[in-house]
There are 2 protein chains.
Amino acid sequence: MNRSICEQCRDWIPPDVTETAQTPGKAPPKIPSRIQQRNRSRILDAALEVFSRHGYRGATLDQIASEAGLSKPNILYYFGGKEDIHVTLLSRLMETWLDPLKDMNPNGDPITELLGYVNRKLDMALELPRESRLFANEILQGAPRMGPHLIADLKPLFDARTDVIARWMEQGRIAKSDPAHLIFAIWATTQHYADFAAQTEVLLPDQSRREGGAHDFLSQLFSKLLTP
Amino acid sequence: MNRSICEQCRDWIPPDVTETAQTPGKAPPKIPSRIQQRNRSRILDAALEVFSRHGYRGATLDQIASEAGLSKPNILYYFGGKEDIHVTLLSRLMETWLDPLKDMNPNGDPITELLGYVNRKLDMALELPRESRLFANEILQGAPRMGPHLIADLKPLFDARTDVIARWMEQGRIAKSDPAHLIFAIWATTQHYADFAAQTEVLLPDQSRREGGAHDFLSQLFSKLLTP
DNA sequence: TCGTGTCTTTACCAAATGGTAAAAAAGTGA
DNA sequence: TCACTTTTTTACCATTTGGTAAAGACACGA
């Protein structure tokens, strides 16, 4: 139920063995060697850097290769192609991206839970800006490769959380507003610090006021909204 | 003082006359013919569509050409190249983009002015989503072509506005918070509805709840923050 | 109707880019 | 050390893409 659609991307099978691996009988699951793990994660890290900066079409295999310290054909030895790398990255991202929302406890104190969520989300944006920009790029272009993920993974969790928040509101434990828009606002304000960093860095050059100030401001913003 | 850096892009001069036009003496300003105006604006409109959907590198001249109903070389008759089109688009955008912020009246009622700004910004995002995505794309990639514009045009206006807001706060006319982060939050929450439309449309399929709800929610969010 | 300047098309090109084939090199277990 | 597998490199290829040259079509005043 929680499995993401591209689950298979994660259990990698070397390209030349793909067919024999499918024939049942022999061909054990083929545990990836140390060097395989190392190079695959190097490639994914390099690709994250490049895709998040230039978007899918703006990124080139050569850039990824040089960033990873490998040759282009070498990269295509580990991944089926450019799209394969991108999709792998996106489906891994989706998991860590949903974690803070999953961590929200329906039985906890509403304000604590929601403000905690805001803080976790902001921390993520500040600590993993590349991931945030990768995601933003994909959505900006109409989610061509992640549409199904959104429907299959994000939507159910989103609906469950908005239901919980709606119940809290009905119970009068937090002020009434639209739960869906509340979550949008949390996403928008937190991710803004990663996605629009090029802008905020120009307008607010003082880093500590930018990052510390963001925590304070968002806590204030949402606690004022939520207190009944 | 208010002039944008690429001002010259706007007063276009046909490619072949560029040199003679610079020699003083004759070569009058060369008022663009009706057909030139029509085709140039067609191209810019097509380019806005394509750039906003695919980003700078993801867009191709062929796409722009076919979207504009012209041939590729014909497009290069009107513009110096791909980058020229993009830069022209960005510098035009900057103006309309800053308008709502300019319209904020330092002598008006603080809450009215700020909530009015939120509403104008949201209307813009909903009515001009392509422009919003073009801007977002550019910033996401580190503002490679718009960095100078940000410093020259946006920063002074931003500083002036945050000063005004800070004064309002000191006077106790609105609740104290960080003016810079306040503006960031307004930008983030409003533009989110354009930039992340692919996501919000999946999560909140009901269009009227999405758009009308956004107005209500953001009014509530910011008026709770601002009332002392 | 002619000629001149404006606009459009056809036919290209060089560089970049995603990807492949196959040989060479490097490990690895016996 | 030898045979065998895994990994890496070298040398290509086809397509796409931004861009150009030059001929042709068109508009319009004299």
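Please read all numbers here as calculations on a predicted model, not as lab measurements. In what follows, chains are A, B, ... by sequence order, proteins preceding strands, each numbered from 1.
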Does [X] put a side-chain nitrogen or oxygen below 4.0 Å from OP1 or OP2 of [N]?
X       : N     : result
A:Gln36 : D:dT7 : yes
A:Tyr77 : D:dT7 : yes
B:Asn39 : C:dT8 : yes
B:Ser71 : C:dT8 : no

Ring of B:Phe79, cation from B:Arg40 - is the NZ or CZ under 6.0 Å from the centre and inside 45° of the axis? yes
May I ask you to establish whether A:Lys82 and A:Tyr56 are in a cation-pi arrangement, using a distance under 6.0 Å from NZ or CZ to the six-membered ring centre and at most 45° from the ring axis? yes
Is it true that [X] and [Y] have a side-chain N and a carboxylate O under 4.0 angstrom from each other?
X        : Y        : value
A:Asp45  : A:Arg130 : yes
A:Lys155 : A:Asp159 : yes
B:Asp178 : A:Arg209 : yes
B:Lys72  : B:Asp62  : yes

Rounded distance in Å - [atom1] ([X]) to [atom2] ([N]):
X       : N      : atom1 : atom2 : answer
A:Leu76 : D:dC13 : CG    : P     : 18 Å
A:Lys82 : C:dG18 : NZ    : C1'   : 8 Å
A:Phe79 : D:dT7  : CZ    : P     : 13 Å
B:Arg40 : C:dC7  : CZ    : P     : 12 Å
A:Leu70 : D:dT10 : CG    : C1'   : 16 Å
B:Glu83 : D:dG18 : CD    : C1'   : 12 Å
A:Arg38 : D:dT6  : CZ    : P     : 17 Å
A:Ile85 : C:dG18 : CD1   : P     : 10 Å

Check this for me: does the side-chain of A:Lys72 come within 3.5 Å of the base of C:dG18 through a donor and an acceptor? yes
Give me the ring orientation class for A:Phe184 and A:Trp187: parallel if the planes are under 30° apart, tilted from 30 to 60°, perpendicular past 60°. tilted
Return the orientation label for the A:Phe135 and A:Trp97 ring planes: parallel under 30°, perpendicular over 60°, tilted otherwise. tilted
Could you go over nucleotides 22-29 of chain D and give all protein N or O partners under 3.5 Å, atom names and distances?
none

Taking B:Glu138 for the side chain and B:Met146 for the main chain, is one N or O donor matched with an acceptor at less than 3.5 Å? yes
Here the residues of residues 44-67 of chain A within 4.0 Å heavy-atom distance, strictly under, of DNA chain D are A:Arg57
